[in-house]
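Numbers restart at 1 for each chain; the letters A, B, ... are given by sequence-line order, proteins then strands.
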Amino acid sequence: MANVILEFEKPILELEAKIEELQTFSKEKEIDLSEEVQTLQKKVETLKKSIYGNLTPWQSVMIARHPERPATIDYIKMIFEGFMELHGDRFYGDDPAIIGGIARFKGQPVTVIGHAKGKDTKENLVRNFGMPHPEGYRKALRLMEQAEKFNRPIITFVDTPGAYPGIGAEERGEALAIATNLTKMMALRVPVIATVIGEGGSGGALAIAVADHVSMLENAVYSVSSPEVFASILWKDSTKAQDAAVMMKMTSKDILSLGIIDEVIPEPIGGAHKDLQKIAGTLADSLQKALNNLKQQPIETVLEKRYDKFRSIGHYISG
Amino acid sequence: MFKDLFRKPKYVTVHADTARKDIPEGLWQKCPECNEILYSKELEKYLKTCVKCGYSFRMGARERIKATVDEGTFVEIDADLTSTNPLSFADYPAKLAKTQEATKLKEAIVTGEAAIEGKPVVIGVMDAGFVMGSMGSVVGEKVARAIERAIERRVPLIIFAASGGARMQEGIISLMQMAKTCGALARLHEAGILYISVFTDPTTGGVTASFASMGDIVLAEPGAVIGFTGPRVIEQTIRQTLPEGFQTAEFLLKHGFIDMVVTRTQMRETLAALLDLHVSGGSENG
Ligand SMILES: [Zn+2]
């Protein structure tokens with residue numbers, strides 16, 4: 001896979017290239033430059049911390065949309081055993097933009113559902129860039145109700161720019177499919193855990209994220225619309241997406257401080273794609289902790305808390 | 001995204017020589033659908049619908065309530081709830097203040113208890129004139145409270161939707177109102193209480209994708225634009241012109257998403273007839 005470098009990462013790369021150059025030079029000429037190399041290596045670390053530790057909201061969006069960013073399928077492979085994909089909504093079709101099935105998590109059968117982005121253009125065309133049609137949401141709901149029947153916890157991964165805006169999607173009831181999921185998920189009698197792993201775009205994201213425990217990976221974003229759409233609605237100018245990203249408060253840190261999510265899962269420096277092994281481990285630990293916690297409570301309590309969690313979101317005054 | 005849905009109603013100015021000279025200006029309006037000249041008084045009498053083609057002019061929340069419920073029965077609830085500015089969004093408080101002044105509304109929905117043909121209901125009516133009828137914290141809270149009140153009182157719930165979707169200025173908090181209102185509807189459903197949803201022009205985005213689509217019975221006014229994504233965004237995405245009549249009430253009826261298209265002049269009696277079939281908020285046999 002070709003390394004995709006984001007604009008703001010270039011200073012780091014330049015410095016790393018310089019170190020490599022020095023090392024090659026020192027080897028060839030047999031001159032000891034270890035002190036210089038060490039100084040530069042320290043400088044790289046400091047630079048990384050300062051760049052990645054202070055990402056602007058737009059830079060977070062760029063990392064969340066990074067073509068190499070681990071997708072649902074990667075986490076399924078890394079975290080679960082024996083995943084069996086199940087297909088179709090039993091009504092219209094099978095939507096490749098949502099992947100779902102049964103697997104074992106730490107030995108226990110669970111239902112796993114997530115938006116599916118492609119790894120390259122070809123796969124993205126098949127998966128529609130992770131933008132589901134109604135049949136995707138209906139497949140997700142079918143699998144969730146199946147999980148409920150067999151008392152399996154549900155684990156979802158959110159990673160979509162949004163539900164697909166198209167003629168077929170409207171004809172087959174995109175809005176109703178989303179609304180139905182929001183309504184039915186609130187009453188599912190099994191624990192539901194959702195993690196925003198990349199882009200959490202609009203109702204198309206929320207439609208699989210009405211959960212008891214909702215977390216975001218550190219560089220994931222979650223928002224009412226994409227920053228481009230936000231800018232075009234409010235300022236009639238989609239090129240102001242960078243400003244929109246700031247105004248919308250869509251980073252994990254902002255969303256946590258607004259009380260919308262329960263947890264931010266730290267990523268390896270530079271983003272999840274820099275170390276899949278590591279992020280998968282951290283994510284698995286978070287899932288296990290959340291699941292253990294939920295399993296200890298009677299389902300009535302879990303349902304009550306799920307309701308209250310969403311019921312209490314809102315900022316208003318009387319008068 | 002939804003701006004194009006919110007173009008001003010076409011109260012077209014007709015040149016004096018083409019209009020009827022004997023009617024002073026302001027006393028008539030032209031139907032944007034069939035060009036019929038409509039006397040304002042008559043237009044009011046027919047609840048702002050064109051007598052010739054049935055076109056429904058936009059209607060505010062207060063006029064809608066007046067046209068729908070028994071006279072003198074409406075008692076507003078949660079009238080004083082107003083949005084704060086959770087994202088510290090520049091100009092949002094000023095925009096709200098200006099809109100409140102212009103519309104004489106506190107927010108994009110009015111809720112309350114009332115009776116229709118003597119049958120008690122909890123009713124909510126959205127107003128597209130208030131920040132495009134968008135749903136933020138207050139709309140979400142008022143809808144949730146209306147649902148909870150219907151459960152508590154065991155009376156049917158009626159909501160007239162009119163909305164451009166989520167309130168952008170409240171960002172993710174607006175998005176979460178979709179889950180909040182649908183969650184409350186899950187409980188209404190469990191309690192066996194009737195919910196009639198009425199789509200009016202226009203209803204798109206997060207309101208269509210939440211409580212407005214979830215009625216036990218879903219009605220719509222003729223010609224109302226109803227959809228998830230606004231037509232302009234769809235056209236931009238797929239780069240083709242949308243078919244005639246796409247996302248209208250009739251289109252949704254044909255595709256199986258609403259039960260009936262009901263003209264405004266028939267709405268009250270239709271609601272009354274439906275309520276009559278559901279006593280105690282639920283089934284007559286229950
Ligand atoms: Zn007409």
Side-chain angles (χ1 to χ4, degrees), chain A residues 131 134 162-167 169-187 200 202-207 209-210 222-225 229-230 232-234 236 238 244 247-250 254-255 258-260 306-307 309-319, chain B residues 1-3 78 80-87 89-90 136-138 140-141 144 166-187 189-190 204-206 208-214 226-229 233-234 237-238 242-243 246-247 251 255-257:
Chain A
M131 293 185 282
Y164 185 66
I167 293 179
E170 295 285 328
E171 285 176 340
R172 300 195 291 278
E174 190 84 284
L176 176 64
I178 293 171
T180 305
N181 282 20
L182 301 181
T183 307
K184 300 241 167 143
M185 283 187 83
M186 193 64 88
S202 189
L206 184 61
V210 179
Y222 200 2
S223 57
V224 67
S225 75
V229 166
F230 188 91
S232 97
I233 292 177
L234 278 178
K236 298 185 185 73
S238 62
M247 305 275 294
M248 291 171 86
K249 300 205 168 40
M250 63 193 294
D254 283 333
I255 302 291
L258 286 167
I260 307 294
R306 190 187 304 161
Y307 186 82
K309 174 196 187 74
F310 290 93
R311 179 66 187 81
S312 64
I313 298 174
H315 294 250
Y316 50 84
I317 45 165
S318 193
Chain B
M1 164 163 29
F2 311 117
K3 275 263 157 72
D78 303 317
D80 290 333
L81 290 196
T82 50
S83 285
T84 58
N85 191 7
L87 303 192
F89 204 95
S137 295
V138 173
E141 182 66 20
R167 177 88 43 93
M168 288 293 143
Q169 292 88 343
E170 293 182 39
I172 191 87
I173 295 158
S174 299
L175 182 70
M176 294 299 145
Q177 304 309 308
M178 294 168 65
K180 173 163 142 182
T181 54
C182 281
L185 284 177
R187 293 198 164 179
H189 183 72
E190 229 166 87
T204 60
T208 313
S210 65
F211 64 88
S213 285
M214 295 307 293
I226 305 156
F228 177 57
T229 311
V233 171
I234 297 179
T237 308
I238 64 174
L242 296 170
F246 184 67
Q247 293 184 321
F251 172 93
H255 284 92
F257 294 104

Applying a strict 4.5 Å limit to non-hydrogen atoms, the region of B/Arg167 in contact with chain A is neither
Can you find a pair of side-chain heavy atoms, one from B/Ile172 and one from A/Lys249, that are under 4.5 Å apart?
-> no
So, the part of A/Ser318 with a heavy atom under 4.5 Å from chain B: the answer is both
Cut-off 4.5 Å, heavy atoms of chain B, and the answer for A/Leu258 is side chain
Interatomic distance, CD@B/Gln169 vs CG@B/Asn85, rounded to 0.5 Å, equals 9.0 Å
So, the part of A/Leu206 with a heavy atom under 4.5 Å from chain B: the answer is side chain
**B/Thr204 side-chain N/O to B/Ile226 backbone N/O, donor-acceptor pair under 3.5 Å** = no
Closest non-hydrogen atoms of A/Glu170 and B/Gly227, given as atom of the first, atom of the second and distance, are OE1-CA, 3.4 Å
Does any donor atom in the side chain of B/Ser83 or B/Glu170 lie under 3.5 Å from an acceptor atom in the other side chain? yes
- Given the rule in the side-chain contact (heavy atoms from CB on, under 4.5 Å) test, do A/Met186 and B/Cys182 qualify, once you have shown the distances and angles that lead to the verdict? CA-CA 8 Å; A/Met186 193 64 88; B/Cys182 281; over 6 Å; no
Counting heavy-atom pairs under 4.5 Å with chain B, the top scorer among A/Thr180, A/Asn181, A/Val210, A/Leu182 is A/Leu182
If you tally heavy-atom pairs under 4.5 Å between each of B/Leu185, B/Thr82, B/Leu242, B/Val138 and chain A, the highest tally belongs to B/Thr82
Student check: side-chain heavy atoms of B/Thr208 and B/Phe257 closer than 4.5 Å: no
Whatever's closer than 4.5 Å to a heavy atom in chain B on A/Met247 counts as both
(Q) Please check this pair: side chain of B/Ser137 against backbone of A/His315, looking for a donor-acceptor N/O pair closer than 3.5 Å. (A) yes
In terms of heavy-atom pairs under 4.5 Å with chain B, the winner among A/Ile178, A/Asp254, A/Ile260, A/Ile313 is A/Ile313
When the 4.5 angstrom heavy-atom criterion is applied to B/Met178 and chain A, the contacting part is both
Honestly, the part of B/Phe211 sitting under 4.5 Å from a heavy atom of chain A is neither
Cut-off 4.5 Å, heavy atoms of chain A, and the answer for B/Ala184 is both
Q. Judged by atom type as modelled, is there a donor-acceptor pair below 3.5 Å linking the side chain of A/Glu171 to the main-chain atoms of B/Phe246?
A. no
So, the part of A/Arg172 with a heavy atom under 4.5 Å from chain B: the answer is backbone
Note: vs chain A, highest number of non-hydrogen pairs under 4.5 angstrom among B/Ile173, B/Thr181, B/Thr84 is B/Thr84
Most heavy-atom pairs under 4.5 Å with chain A, out of B/Gly140, B/Ala212, B/Gly171, belong to B/Gly171
